[in-house]
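Beneath this line is the structure, given in structure tokens, with notes to follow.
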Amino acid sequence: MSETKIPVSLVLGSGGARGLAHIGVIRAIHESSRYEICAVSGSSIGALIGGLYAAGKLDKYEQWVKELSATDVWKLLDFSFTNTGLFKGDRLMDKLSELVGDKDIADLNIAFTAVASDIGHRREVWLDSGPLFDAIRASIAIPGFFTPVQHEGCTLVDGGLMSPLPVAPVKRIGASKIMVVSLNGNSSPPEHAERSPSKHISASVSGPEGGLRGLLNGFRQRLGWESQGEDSDSAIDILSKSLEAMQDRIARYQMAAYYPDILIEIPVTACDVLDFHRADEMIEFGYESARDVLSRNDDQQQEADHEK
């Protein structure tokens, strides 16, 4: 193996709390002696994690998110009671702003692009210049959850709405390899299930009364918003499942157009979209998933080199 690391463009997909696995993936790449990240693009949680990494703030974010309980996550969600979004997001944005700081994308050590969705013009928008926090804020503005962002006359919402796997922005970088992390993988256990936390994750996925979903259901009950059927999905469930179904279909088209050199998939069933209190599990899961994929890729490359 060459001592020179292979430059990689890293694409981080959207998927709510499953995106905490992106942190573990980045850790595994750094641990590898073969690859070096030279560019990052991301949608939604992928833009958040990618932006924090590009700004050198990922360690700080990881430490903070690992300390969150389900109650802490709940406290970050300040209801807006307006027609533009369920949550104002001021508390969360203030905390993220504190973590990101006053950084400009042009000043980052590696190329970074956050992708948002322009709902007025029905197009994706690549945010690769200007204040880093503003780009992240636009990319994570989940429709119906957080209020949209006004940018140069456009109304921007979550990037995952139109581009859950934003490969196109990194194609222009010219890295040797494109590595994609999808958060909409198949629900079947990965090959490393016997030695990774995936079994624990699958077994502990929050049920109707677990984690943040339980807190949301409790809030609904106190307001008299209870569903008539015991097994009925809440509005939160329906919205998140609808977005996931749409994003999965778009991601398939994106993968067909720009199939990556290396693909790391996190199962869509790994955790609920709002389970940010399960950071330890998801980060470790991402790390183990990436290690297995990178190891298999290295073995295949060595076999190919040997056959030449």
Side-chain angles (χ1 to χ4, degrees), residues 12-27 42-53 55-80 85-101 132-133 136-137 139-142 145-146 158 160 181 183 196-198 200-220 234 236-237 239-240 243-244 266-289:
L12 303 178
S14 61
R18 292 192 303 279
L20 294 170
H22 289 323
I23 300 174
V25 170
I26 291 172
R27 298 287 179 238
S43 282
S44 196
I45 185 66
L48 172 61
I49 300 300
L52 289 168
Y53 168 70
K57 301 291 185 179
L58 191 57
D59 289 340
K60 191 174 181 181
Y61 175 78
E62 180 179 356
Q63 180 181 2
W64 172 71
V65 77
K66 281 184 173 181
E67 295 174 354
L68 289 179
S69 65
T71 302
D72 292 329
V73 178
W74 172 257
K75 290 178 179 178
L76 287 169
L77 300 177
D78 44 352
F79 282 89
S80 67
L86 185 59
F87 305 112
K88 290 185 295 184
D90 290 346
R91 296 174 193 165
L92 175 61
M93 296 309 148
D94 286 346
K95 184 60 183 179
L96 292 179
S97 180
E98 178 184 328
L99 291 172
V100 173
L132 174 61
F133 177 76
I136 292 174
R137 172 64 178 88
S139 189
I140 65 175
I142 304 173
F145 274 68
F146 296 121
D158 193 286
V181 186
L183 304 179
S196 80
S198 59
H200 177 56
I201 287 177
S202 298
S204 64
V205 170
S206 300
E209 302 305 325
L212 184 59
R213 184 186 292 181
L215 290 173
L216 288 170
N217 285 343
F219 181 83
R220 289 169 51 236
S234 69
I236 298 293
D237 293 325
L239 178 58
S240 63
L243 287 173
E244 285 172 352
I266 304 300
V268 71
T269 55
C271 74
D272 282 346
V273 69
L274 295 176
D275 280 352
F276 285 92
H277 60 288
R278 298 175 60 195
D280 273 320
E281 295 173 65
M282 291 309 303
I283 292 171
E284 181 64 18
F285 189 34
Y287 174 78
E288 292 290 350
S289 298

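Side-chain atoms are counted along with the backbone in the values below, which use heavy atoms only and exclude waters and symmetry mates.
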Does the side chain of [Y] come within less than 4.5 Å of [X]'s, by heavy atoms?
X: K57; Y: L99; answer: no
X: L52; Y: L132; answer: no
X: V100; Y: K95; answer: no
X: I23; Y: Y287; answer: no
X: I283; Y: E62; answer: yes

Practice task
Might you work through the side chain to side chain contact (heavy atoms under 4.5 Å, CB included) test for L274 and V73, ending with a clear yes or no?
Solution key: CA-CA 8 Å; L274 295 176; V73 178; 5.7 Å; no
Exercise for the section: Evaluate the criterion side chain to side chain contact (heavy atoms under 4.5 Å, CB included) for residue pair M282 and C271; output intermediate values, then yes/no. Expected result: CA-CA 8 Å; M282 291 309 303; C271 74; 3.9 Å; yes
Checking the side chain of [X] only, and the main-chain atoms of [Y] only, is there a donor and an acceptor separated by less than 3.5 Å?
X: R18; Y: L183; answer: yes
X: S44; Y: S14; answer: no
X: D158; Y: G160; answer: yes
X: H22; Y: G286; answer: no
X: S69; Y: D72; answer: yes

F133 to M93 - nearest heavy-atom pair and separation
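Taking every non-hydrogen atom into account, CZ-O, 3.4 Å.
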Scanning both residues in full, the closest heavy-atom pair of R278 with D272 reads NH1-N, 4.5 Å
[atom2] on [Y] to [atom1] on [X], rounded to 0.5 Å:
X: K66; Y: L20; atom1: NZ; atom2: CG; result: 10.5 Å
X: E281; Y: F285; atom1: CD; atom2: CZ; result: 10.5 Å
X: S139; Y: L48; atom1: OG; atom2: CG; result: 9.0 Å

_side chain to side chain contact (heavy atoms under 4.5 Å, CB included) for F276 and I45? Distances and angles first, verdict last._
CA-CA 11 Å; F276 285 92; I45 185 66; 4.0 Å; yes
Please determine whether side chain to side chain contact (heavy atoms under 4.5 Å, CB included) holds for the pair Y61 and L96, giving the CA-CA distance in whole Å, both sets of side-chain angles, and the decisive distance to 0.1 Å.
CA-CA 8 Å; Y61 175 78; L96 292 179; 4.2 Å; yes
Test item: side-chain donor near acceptor, S97 and D94, under 3.5 Å: no
